[in-house]
> 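Please find one structure pasted underneath; my questions will follow.
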Number of protein chains: 2
Amino acid sequence: MESTSARTDTCASAPKAHPRPEGQDRYTISEVVAFSGLTAHTLRWYERIGLMPHVDRSHTGQRRFSNRDLDWLAFVGKLRLTGMPVADMVRYAEMVREGDHTFTERQELLEATRRDVQARIAELQGTLAVLDFKIDFYGGARTAPERV
Amino acid sequence: MESTSARTDTCASAPKAHPRPEGQDRYTISEVVAFSGLTAHTLRWYERIGLMPHVDRSHTGQRRFSNRDLDWLAFVGKLRLTGMPVADMVRYAEMVREGDHTFTERQELLEATRRDVQARIAELQGTLAVLDFKIDFYGGARTAPERV
DNA sequence: CGCTTGCTTGGAGTGCACTCCAAGGTTCTA
DNA sequence: TAGAACCTTGGAGTGCACTCCAAGCAAGCG
């Protein structure tokens with residue numbers, strides 16, 4: 001994975017629900033599809049654009065994903081949920097590959113993402129207020145004018 | 001506008017910050033651009049796809065938006081923030097045009113949207129936990145392995 | 001061995017939500 | 001009344017994040 005040391009399933013992500021396909025460290029793409037919920041297309045595409053570390057291959061060239069890859073994918077899934085653009089995730093992946101001297105920059109990227117997420121939550125909570133107002137209107141009076 | 005009776009600026013939306021361009025009920029498209037933050041392209045597109053009521057025109061065919069239109073636009077903006085697809089917003093607009101017999105269906109659409117928003121908020125809060133974990137990692141130890 | 005199912009690739013296609021364009025008419029200010 | 005700034009249209013183009021395709025190897029089973 002990434003930050004989470006050698007031990008795999010950290011609190012960090014760990015959907016746990018989908019138990020990792022048993023066996024150790026040599027998953028086929030279809031096993032990863034089952035585990036991650038992504039399509040094989042998307043997994044190959046992630047690799048093409050540099051969002052995945054170079055995935056190991058069998059002697060005939062088929063992908064064999066490791067537990068590390070699965071951890072990374074779980075983290076990427078979380079980043080995706082934040083709404084971070086794929087280009088930024090690729091940038092993050094590049095920084096990880098570049099090594100420790102990008103620590104600060106990575107931290108800043110995650111902090112900016114954190115701020116974006118909190119702003120988005122606030123925005124959504126604002127919409128909840130409007131939705132509740134409208135829903136009450138429909139549930140209650142049903143007399144105020146409406147038009148479009 | 002819509003649910004909010006004849007009086008315009010309800011608690012429902014009212015960005016209030018952007019004071020409505022003074023003058024009453026005959027705004028040009030550029031005034032609406034300034035007020036709504038949408039582009040003129042988008043306003044015309046909204047009309048084309050049926051997301052706007054038929055906007056009034058000057059004797060030469062130029063659009064003249066009313067306060068009602070501005071209210072509707074503010075509400076549509078909130079729906080957009082929820083992440084509701086444009087197609088669903090169009091459906092909602094159609095139902096409003098169809099009249100009171102769509103009250104229940106409209107209410108259901110808004111309730112479903114509300115549930116989606118709450119699920120999305122929960123999802124985002126889940127990502128915050130991961131982000132905090134990572135940010136702490138970068139801020140603190142700086143010793144755990146990281147790779148991609 | 002033959003068969004089915006799975007995996008490979010580059011490149012093209014999809015759906016969404018805009019976003020822009022060209023060519024021309026309108027409105028405003030001096 | 002001239003010129004700048006604004007408005008109109010249908011249709012084409014953009015950017016994002018996938019999504020799919022065809023043609024051809026690879027893997028596993030009886």
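The chains referred to below are lettered A, B, ... by the order of the sequence lines, with proteins before strands, and numbering in each begins at 1.
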> Using a 4.0 Å heavy-atom cut-off, does Arg63(B) contact any base of the nucleic acid, only the sugar-phosphate backbone, or nothing at all?
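Answer is sugar-phosphate: Arg63(B) comes under 4.0 Å of backbone atoms only.
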
> dG6(C) phosphate, OP1 or OP2: any side-chain N/O from Thr28(A) under 4.0 angstrom?
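False: Thr28(A) side-chain N/O out of range (4.0 Å or more) of dG6(C) OP1/OP2.
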
> With the side chain counted from C-beta on, respond yes when Arg64(A) and Val55(A) share a heavy-atom pair under 4.5 Å apart, and no when they do not.
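No, every pair of side-chain atoms sits at 4.5 Å or beyond.
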
> Produce a footprint string for nucleotides 22-30 of chain C: one letter per nucleotide, 5' end first; B if the base is under 4.0 Å from any protein heavy atom, S if only the sugar-phosphate is, - if neither.
---BSS---

> Taking the six-membered ring for Trp, are Tyr138(A) and Tyr92(B) parallel (under 30°), tilted (30 to 60°) or perpendicular (over 60°)?
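Ring orientation of Tyr138(A) relative to Tyr92(B): perpendicular.
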
> Closest heavy-atom contact between Ala93(B) and Gly50(B)?
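Closest approach of Ala93(B) to Gly50(B), heavy atoms only: CB-O, 3.6 Å.
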
> Any heavy-atom pair between the side chains of Tyr27(A) and Asp69(A) that's under 4.5 Å?
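Heavy-atom side-chain distance check fails, nothing below 4.5 Å.
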
> Is there side-chain contact between Met89(B) and Val76(B), with at least one heavy-atom pair below 4.5 Å?
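The answer is yes; the side chains approach within 4.5 Å.
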
> Identify the pairs formed between an N or O of the protein and an N or O of nucleotides 16-19 of chain D at a distance under 3.5 Å, and give each distance.
from, atom 1, to, atom 2, distance (Å)
dA17(D), OP1, Val86(A), N, 3.4
dA17(D), OP2, Val86(A), N, 3.4
dC18(D), OP1, Arg80(A), NH1, 3.4

> For Arg57(A), which residues count as a side-chain hydrogen bond (donor to acceptor under 3.5 Å, both in side chains) partner, sequence neighbours excluded?
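Testing Arg57(A) for side-chain hydrogen bond (donor to acceptor under 3.5 Å, both in side chains), a comparison that skips the adjacent residues, returns Glu47(A).
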
> Answer yes or no: is there a side-chain heavy-atom contact under 4.5 Å between Val86(A) and Ile49(A)?
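Result yes, sub-4.5 Å side-chain heavy-atom pair found.
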
> Can you give me the closest heavy-atom contact between Thr102(B) and Val96(B), atom names plus distance?
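That would be OG1-N, 4.4 Å.
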
